[in-house]
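All remarks here apply to the structure that follows.
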2 protein chains.
Amino acid sequence: MDRTNEILKSIGEKCTEQRRLILKAILELAKPVSADEVYEYLSDTNSVGRTTVYRTLELFEQKKLVRRVIFRDGIMRYESTHLGHHHHLICLSCGKVFPIESCTIVSLDESIIDEFDFLVTEHFLELYGYCKNCRKGEKK
Amino acid sequence: MDRTNEILKSIGEKCTEQRRLILKAILELAKPVSADEVYEYLSDTNSVGRTTVYRTLELFEQKKLVRRVIFRDGIMRYESTHLGHHHHLICLSCGKVFPIESCTIVSLDESIIDEFDFLVTEHFLELYGYCKNCRKGEKK
DNA sequence: ATCTAAATGAAACTAAATTTCATTTAGATG
DNA sequence: CATCTAAATGAAATTTAGTTTCATTTAGAT
Ligand SMILES: [Mn+2]
Ligand SMILES: [Mn+2]
Ligand SMILES: [Zn+2]
Ligand SMILES: [Zn+2]
């Protein structure tokens, strides 16, 4: 029946109301969000405790339903892995986050083993600047 | 006389014993370090308080003597700006950090404005994996 | 040598995240 | 369906990184 139920079953974990709600929130929010943002998002339903949000996001990370994203403020955020590997544009003015789905870094990853004798297994790139909207009316 | 004194004068800030020691530590450690790592490094001299370390690193960042570096653990680290813009290889096994001095991303930065109408002003790339040493003896 | 605005640091505080532990519950079993 | 138990939950306590406050000290100007 419910989409979230399916997903929880597919990872072989117990289906609880809390887990369903947290997963739903992550899917609906559709951007990197902190545990507290998930908690706030669900606060009106009043059915999930903070601790459970933290724990559940950790579980989801292990089960690869979400990935952890760290921006310059150091806060742990999580986003659905529904979108594959990608990078982020983050607006320094309004904070909006835009995904860049193409990744030109993979070839770099591979050259590193030759040049540095270092085996790259993952990489994170974030680009900061100013979005279209926030540049409106500013002298170009 | 002292190298650190020169530098502090050059940024037009008061030369205090604490600032000299913190700057010296940053230069000697020559890698991204947290305020607490600087504090520990100086703990034997017993001449700098934790608060001063935090505040001084912040000052140094404003004055562009150091830059802030955030890895996956979200802890604020600082490194000398002596080395220009570069990226990091971080070993997931031993934690060692290696700089990659060439940056192939700048051209990406420029293409973003056309593709996303987003003006990139800075970017951060970190590559995680396993260094030469930590791969010793492992099946390739 | 004197003076003062700035710097320092101990202690209090904040915010994010983790741990503890008593209570509840999903879902397996009969 | 009723019973049972290991797992999940959440309030509260704790930890950790970082910030703020404020009384005291000090760099360096005069
Ligand atoms: Mn994303
Ligand atoms: Mn570096
Ligand atoms: Zn914006
Ligand atoms: Zn290593």
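All chains are named by letter (A, B, ...) in the order of the sequence lines, taking the proteins before the strands, and each is independently numbered beginning at 1.
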Measure [atom1]/[X] against [atom2]/[N] and give the value in whole Å, please.
X	N	atom1	atom2	value
B:Met76	C:dA15	CE	P	14 Å
A:Leu21	D:dG10	CG	C1'	15 Å
A:Leu57	C:dA16	CG	P	15 Å
B:Asp73	C:dA16	CG	P	17 Å
B:Ile11	C:dA6	CD1	P	16 Å
B:Arg50	D:dT19	CZ	P	14 Å
A:Leu59	D:dA8	CG	P	7 Å
B:Arg20	C:dA7	CZ	P	14 Å

Hey, is the side chain of [X] poking within less than 4.0 Å of OP1 or OP2 on [N], counting only N and O atoms?
X	N	result
B:Thr52	C:dG9	yes
A:Arg19	D:dA8	yes
B:Tyr54	D:dG18	yes
B:Thr16	C:dT8	yes
B:Gln18	D:dT26	no

- Report the base-pairing partner of C:dC21 (Watson-Crick or G-U wobble, both distances below 3.5 angstrom), or none. D:dG10

- Say whether A:Asp2 and A:Thr4, considering side chains only, have a donor N or O and an acceptor N or O under 3.5 Å apart. yes

- Message: Let's test your reading of the model: under 3.5 Å, does the base of D:dG10 pair with the side chain of A:Arg55 as donor and acceptor?
- Response: yes

- Task: Can you measure from NE2 (A:His85) to NE2 (A:His123) and round to the nearest 0.5 angstrom?
- Result: 3.0 Å

- When rounded to the nearest 0.5 angstrom, what distance separates CG in A:Leu89 from CD1 in A:Ile100? 4.0 Å

- Message: For the residue pair B:Arg50 and B:Tyr39, would you count it as a cation-pi contact if the rule is NZ or CZ under 6.0 angstrom from the ring centre and within 45 degrees of the ring axis?
- Response: yes

- Counting any heavy atom closer than 4.0 Å, what does A:Glu17 reach on the DNA or RNA strands: base, sugar-phosphate only, or nothing? nothing

